[in-house]
Amino acid sequence: MTEQTTTRPEVTELPDYRALFVADMRGFGSVPGRDHAQVTQAIPGLLRNAFQHCGLGWLWEKALFQDTTGDGYFLCFASRYVPFLLNPLLSALQDTLEFQNSLLPHPIRMRVSVNVGPLADTDAESISRGSGTTRVETHRLLDSSAVRSVLDDSGPETCVAAIVPERVVDDVVAAGYSAEGTSLYHRVEAREKEYHGVAYLRVPKPSGGLLAHGFTPRHDTEPDTEADRATPEAGHSTGGTTATHVDGPVAQHGSRVTTGVDVSGSGNTITTVHGDQHRGPRYEGDGQIHVGGNNAGVIKQTMKGRRAR
């Protein structure tokens, strides 16, 4: 009988912290296949233009490495440059895309994420360059419904929806390094595959449904389904029922309110409700976007009169 020995992992050095900027194009799959190459080649040029329009052309040149993702692009920088990737770059990218979309056959709208953390910094020939949990987290954030729903629920004027992890807001925005208020960022819970974490949305130019109901998920405002309106079981009441002075937890779905007695149907009201009221994930803040600062005005002036080359 042979003995099995367990090999313990050895202590190893932590990779350097790097800033990561990743952008994905919305609706790339709806672009005709014959135009995929053209769009893929256009994306880094648009990003470079955004850097230049807000005076960050020097930062583009300082990228440690960069590459295409097919329907997007990523760039890696030294961690000290994270503030610039938030402000003024996000607003500059919004203005750049909005201007260029008037000239492009396939308008480009982007989901963007900015992150910071340890990344493998190997030689240029290695396919593992830039790998690490930070890279995985960044792509999970980009794929999450938390940011996808923003572009889905906004008009074509909204060209950029950014999502960043909580630590970036805490370390960069709240600490004052990006010179912008935390009220520009809206707290959400992001879930995608194995990832689940707190993140923040940043939308330089909200439009459409975002102006109507903020960042509240659309399904929270849609009417009940047919199943919800089905004949209730015994102990439930429907139609024109009013519940008043309700104590204890209250759960609500559409027009249905559960407090021990399930009240559903149209015409129901609840007044003087005490206790905790909650359905689904909690969203803090007032759900509004307050865009301030003078960057947008400066950037728009620099693009006035430009034409595609």
Side-chain angles (χ1 to χ4, degrees), residues 12-24 44 47-48 50-51 54-69 72-94 110-124 126 128-144 146-147 150 160-204 293 295:
T12 186
E13 293 181 351
L14 180 70
D16 290 334
Y17 270 59
R18 302 299 189 191
L20 193 61
F21 179 95
V22 184
D24 273 351
L47 292 176
R48 182 171 55 249
F51 274 75
C54 62
L56 294 180
W58 59 270
L59 182 55
W60 178 271
E61 301 300 328
K62 285 185 175 291
L64 301 176
F65 51 90
Q66 55 186 286
D67 203 354
T68 181
T69 62
Y73 206 73
F74 77 89
L75 299 103
C76 180
F77 301 91
S79 60
R80 62 181 178 274
Y81 297 128
V82 172
F84 301 98
L85 300 178
L86 298 175
N87 182 38
L89 184 57
L90 292 180
S91 293
L93 181 58
Q94 162 66 37
M110 290 183 172
R111 302 186 309 278
V112 174
S113 187
V114 176
N115 206 344
V116 62
L119 289 176
D121 195 13
T122 56
D123 61 85
S126 173
S128 64
R129 191 178 196 190
S131 62
T133 55
T134 301
R135 179 78 177 273
V136 174
E137 177 187 45
T138 305
H139 286 278
R140 293 293 183 264
L141 287 172
L142 280 177
D143 290 338
S144 69
V147 68
V150 172
V160 173
I163 185 168
V164 297
E166 186 174 32
R167 67 173 172 273
V168 170
V169 172
D170 289 343
D171 294 346
V172 180
V173 182
Y177 290 104
S178 63
E180 55 184 349
T182 55
S183 61
L184 293 172
Y185 292 80
H186 179 72
R187 186 181 188 273
V188 295
E189 287 191 18
R191 297 175 182 268
E192 179 64 21
K193 296 183 178 179
E194 77 289 344
Y195 176 80
H196 176 211
V198 173
Y200 285 79
L201 297 172
R202 172 77 167 95
V203 183
N295 290 326

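Quick note: residue numbers are just sequence positions, from 1. Small disclaimer: the values here were computed from a predicted structure and weren't measured.
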Report the relative orientation of the aromatic rings in Y81 and F77; use parallel for angles under 30°, tilted for 30 to 60°, perpendicular for over 60°. perpendicular

Got a donor-acceptor contact below 3.5 angstrom from the Q94 side chain to the V160 backbone? yes

Verify the neighbour count for atom OH of Y195: are there more than 12 heavy atoms of other residues, nucleotides or ligands below 6.0 Å? yes

Working to the nearest 0.5 angstrom, can you tell me the gap between [X] [atom1] and [Y] [atom2]?
X: L47; Y: M110; atom1: CG; atom2: CE; answer: 4.5 Å
X: L184; Y: Y200; atom1: CG; atom2: OH; answer: 13.0 Å
X: R135; Y: R140; atom1: CZ; atom2: CZ; answer: 11.5 Å

For [X] versus [Y], what's the shortest heavy-atom pair and its separation?
X: C76; Y: L119; result: SG-CD1, 4.1 Å
X: L142; Y: S113; result: CD2-N, 3.6 Å
X: R202; Y: L90; result: CG-CD1, 3.8 Å
X: N87; Y: S178; result: ND2-O, 2.9 Å
X: L86; Y: V168; result: CD1-CG1, 4.0 Å
X: L141; Y: V164; result: CD1-C, 4.4 Å

Could you check whether any side-chain heavy atom of [X] comes within less than 4.5 Å of a side-chain heavy atom of [Y], counting everything from C-beta outward?
X: F51; Y: L85; answer: yes
X: D143; Y: D24; answer: yes
X: R111; Y: I163; answer: no
X: L89; Y: F84; answer: no

Please set out all donor-acceptor pairs under 3.5 angstrom arising from side-chain atoms of residues 55-66, sequence neighbours excluded.
| unit_1 | atom_1 | unit_2 | atom_2 | d |
| --- | --- | --- | --- | --- |
| W58 | NE1 | G55 | O | 3.1 |
| Q66 | OE1 | Y73 | OH | 2.8 |

In chain order, what residues pass the salt bridge (Lys or Arg N to Asp or Glu O under 4.0 Å) check against E192, with sequence neighbours excluded? none

